[in-house]
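Provided herewith is a single structure, encoded as structure tokens, for subsequent inquiry.
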Amino acid sequence: MPYQAPTSDYQFLFEHIVGLSQVTQTERFEDATPDVTAAILEEAGKLASDVLAPLQREGDLHPAHLENGVVRTSPGFGDGYKAIAEGGWVGISADPEYGGMGLPQSITNAVNEMMGGACLSLQLNPLMSQGQIEALEHHASDELKALYLPKLISGEWCGTMNLTEPQAGSDVGALRSKAVDNGDGTYAITGQKIYISWADNDFSENVCHLVLARLPDGVAGTKGISLFMVPKLIPDADGTPAVANSLKVVSLEHKMGLHGSPTAVMQYDGATGWLVGKPHNGMAAMFTMMNNARLGVGGQGIAVAEAAFQHALAYAADRKQGKAHEGESILGHADVRRMLAQMKADTFAARAIGAACAVAIDMAQATGDASWKARAALLTPIAKAFGTDVGIEVAQQGIQVHGGMGFIEETGAAQFLRDVRVTAIYEGTNGIQSMDLVARKMMDGGEAAYALIDEIEASAERCKTQMPDLAGPVFSAAETLRETTEWLVEQQMNDRFAGAVPYLRLFARVLGGYFHMLAADAAGAESARGKLALVYVQRLLPEHLGLAEHVRKGADDLYALSFEDLVA
């Protein structure tokens with residue numbers, strides 16, 4: 001069964017679960033009418049299913065490679081990217097003043113997931129550009145905006161982000177890249193960056209790198225870092241890419257997956273760059289890009305989950321083995337049905353969380369309301385971490401559904417797991433996301449978390465009469481989440497960190513039950529969505545009890561173990 005973009009799921013989520021209508025009723029997003037949204041989802045679905053999906057295996061079997069200093073991309077990727085760019089899909093949410101559509105992030109999030117489910121390696125490219133566009137919109141000078149934004153939005157130029165260095169890893173403040181003022185409005189950038197997704201290609205006119213570096217008077221740590229635009233080709237007075245800059249792709253990483261996406265080591269040797277934002281304020285500008293990317297990466301996990309589920313379902317429907325309970329295929333086996341049902345239920349839960357996060361971002365942007373900003377901040381690490389965890393877990397289950405054939409590369413089942421595994425690592429590992437949730441996002445004493453829990457419990461109370469089997473467990477789980485949050489905010493930070501990952505998972509589990517309950521309420525308990533909700537609530541939601549117990553253990557037992565104890 002070829003990949004089918006989940007357009008109907010997003011239509012349902014927008015109309016019945018996450019309330020896109022409240023976004024489109026704002027002045028900022030009033031043009032995103034239901035008809036416009038439906039048309040965009042339909043066209044994006046066609047692009048994903050018909051144009052991008054056939055490139056999925058090509059990228060894996062024929063990886064991007066470095067040839068005489070030039071990155072050569074996988075067969076068909078150039079045409080695929082051209083279809084994305086010419087369709088206007090790079091700049092869906094970008095400022096119309098520079099050629100963007102100005103549509104809600106909610107719609108961009110849906111479109112990106114569809115493209116990622118079709119071909120994740122290629123979708124990484126426009127995702128990087130979208131993050132760069134947002135960073136420039138918020139922090140760049142008018143001159144830089146006028147030069148770079150139209151080209152990035154049209155897709156003529158591509159964007160990247162350069163944070164990580166060999167000695168620094170996630171500790172960005174330990175970077176060594178330097179920037180020296182040339183005295184003419186430009187800076188000389190010197191240093192090496194690693195793990196740079198889509199650092200080069202052979203189909204765009206230019207590649208624009210946002211690079212973190214330290215000015216001579218920059219203090220140590222993150223507070224002394226500045227951000228620079230460093231193009232591959234320096235534009236001339238007319239904005240046409242001209243002279244090659246003093247930078248190069250040193251090598252491409254040999255990766256577990258995402259073979260169609262070139263991940264490079266980049267070397268800058270006095271490369272010409274332009275300051276983005278104020279000196280020493282680079283992290284604020286880069287975080288604008290990273291927050292955009294975190295929701296996008298969560299969507300990539302969901303995208304792969306959807307694709308892996310469809311792949312496994314098609315195999316199970318065709319594979320005949322053993323004495324099945326119903327029919328002739330392995331779909332009749334209870335354990336196979338359990339795996340597929342849980343795969344689908346978790347994918348919907350993660351998708352709903354991501355969509356809710358996108359709506360909160362849109363509402364915060366459109367209204368400036370502090371409560372929406374807090375909701376968006378709270379949901380972002382959950383959407384990123386849970387979305388990518390679900391992508392990994394569903395892809396792994398997809399291999400299991402295939403049995404021995406899942407371990408054979410020709411079936412394509414293993415590629416989903418190899419491709420998605422890195423999503424739990426980049427844009428801040430899922431452990432970092434979890435620590436962000438229990439630390440920075442709880443600086444309000446849990447106020448934003450309690451507001452969301454209140455909504456869950458109010459909805460569960462409303463649904464109790466008609467759907468007690470769903471609403472009762474959801475209400476109970478929300479109470480457990482509330483009590484665990486109350487405990488958490490009273491703890492020292494290291495005790496919070498010790499339980500951060502299970503706490504994020506607990507929050508996501510409860511949110512998943514909440515959104516499944518709303519889906520059953522909207523579609524009917526006997527509908528396909530209602531039946532799927534029951535699977536989630538009965539088989540996956542109970543995990544919340546063990547997670548809550550884990551959170552409350554603190555850090556003492558972990559630090560009681562010495563290195564010698566671990567190797568004993």
Side-chain angles (χ1 to χ4, degrees), residues 6-42 44 92-96 100-113 134 291-292 294-296 298-299 302 348-380 382-383 387 441 444 447-463 474 478 507-508 510-523 529:
T7 54
S8 60
D9 240 24
Y10 271 107
Q11 285 280 26
F12 182 82
L13 282 168
F14 287 161
E15 292 175 17
H16 301 290
I17 308 299
V18 298
L20 184 64
S21 60
Q22 60 191 324
V23 174
T24 59
Q25 286 168 10
T26 65
E27 183 178 354
R28 183 183 181 95
F29 297 119
E30 61 185 359
D31 292 337
T33 62
D35 287 347
V36 168
T37 299
I40 288 174
L41 292 178
E42 185 67 24
I92 309 176
S93 293
D95 191 339
M101 296 187 193
L103 292 171
Q105 182 65 38
S106 302
I107 296 176
T108 297
N109 183 61
V111 171
N112 283 346
E113 191 216 303
E134 186 172 12
N291 280 329
N292 175 299
R294 282 170 177 168
L295 176 60
I302 300 161
F348 178 83
R351 180 176 291 133
I353 292 170
C357 181
V359 164
I361 291 171
D362 289 330
M363 290 301 292
Q365 190 176 32
T367 68
D369 186 273
S371 63
W372 279 115
K373 290 180 181 179
R375 175 67 57 88
L378 180 76
L379 288 177
T380 295
I382 300 174
K441 303 307 165 56
D444 61 356
E447 182 178 341
Y450 296 139
L452 185 49
I453 294 168
D454 288 343
E455 290 181 22
I456 296 171
E457 292 185 346
S459 294
E461 283 284 3
R462 176 177 56 80
C463 294
V474 169
F507 216 129
V510 176
L511 285 171
Y514 170 50
F515 291 130
H516 269 291
M517 179 188 71
L518 294 181
D521 185 45
R529 295 188 185 278

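Given the structure is predicted, the values throughout are model-derived calculations rather than measurements.
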*Would you check if D369 and M363 make a side-chain contact, meaning some heavy-atom pair closer than 4.5 Å?*
no
Give every donor-acceptor pair under 3.5 Å between a side-chain atom in residues 13-20 and any protein atom, sequence neighbours left out.
none

*Got a second to check how far Y450's OH is from D444's CG, nearest 0.5 Å?*
9.0 Å
*What pair of heavy atoms forms the shortest contact from A383 to I353, and how long is it?*
CA-CG2, 4.0 Å
*asked:* So, taking the atom named OG1 in T37 and the one named CG in D31, what distance separates them when rounded to the nearest 0.5 Å?
replied: 10.5 Å
*Is there a donor-acceptor pair under 3.5 Å between the side chain of T24 and the backbone N or O of S21?*
yes
*Between CD1 on residue I92 and CG on residue N109, distance to nearest 0.5 Å*: 10.0 Å
_Any residue meeting ring-ring contact (aromatic ring centres under 6.0 Å, His included) with F348, in chain and number order, not counting sequence neighbours_ = H516
_For G102, is there any backbone N or O sitting under 3.5 Å from a side-chain donor or acceptor partner on S93?_
no
*asked:* Just checking E461: does its CD atom have more than 12 heavy atoms from other residues, nucleotides or ligands closer to it than 6.0 angstrom?
replied: yes
*Distance-minimising heavy-atom pair for L295 and G354*: CD1-O, 3.7 Å
*NZ of K441 to CZ of F507: how many Å apart, nearest 0.5 Å?*
12.0 Å
*Kindly indicate whether the side chain of V474, heavy atoms from C-beta on, has any atom under 4.5 Å from the side chain of I456.*
yes
*Quick one: does Q365's side chain get under 4.5 Å of W372's, heavy atoms only?*
no
*asked:* Test your reading of the model: is there a side-chain donor-acceptor pair from N112 to the backbone of G296, 3.5 Å cut-off?
replied: no
*Quick one: pull up CZ in R529 and CG in D521 and give me the separation to the nearest 0.5 Å.*
13.5 Å
*Looking only at heavy atoms, what is the nearest atom pair of T26 and V23, with distance?*
OG1-O, 2.6 Å
*Looking only at heavy atoms, which two atoms of E113 and P6 are closest? And how far apart?*
OE2-CG, 3.6 Å
_Contact summary for L41 and Y10, nearest pair of heavy atoms_ = CD1-CB, 4.2 Å
*For the residue pair A349 and G512, what are the closest heavy atoms and their distance?*
CB-CA, 3.7 Å
*Rounded to the nearest 0.5 Å, what separation is found between the CD atom of E457 and the CG atom of L452?*
10.5 Å
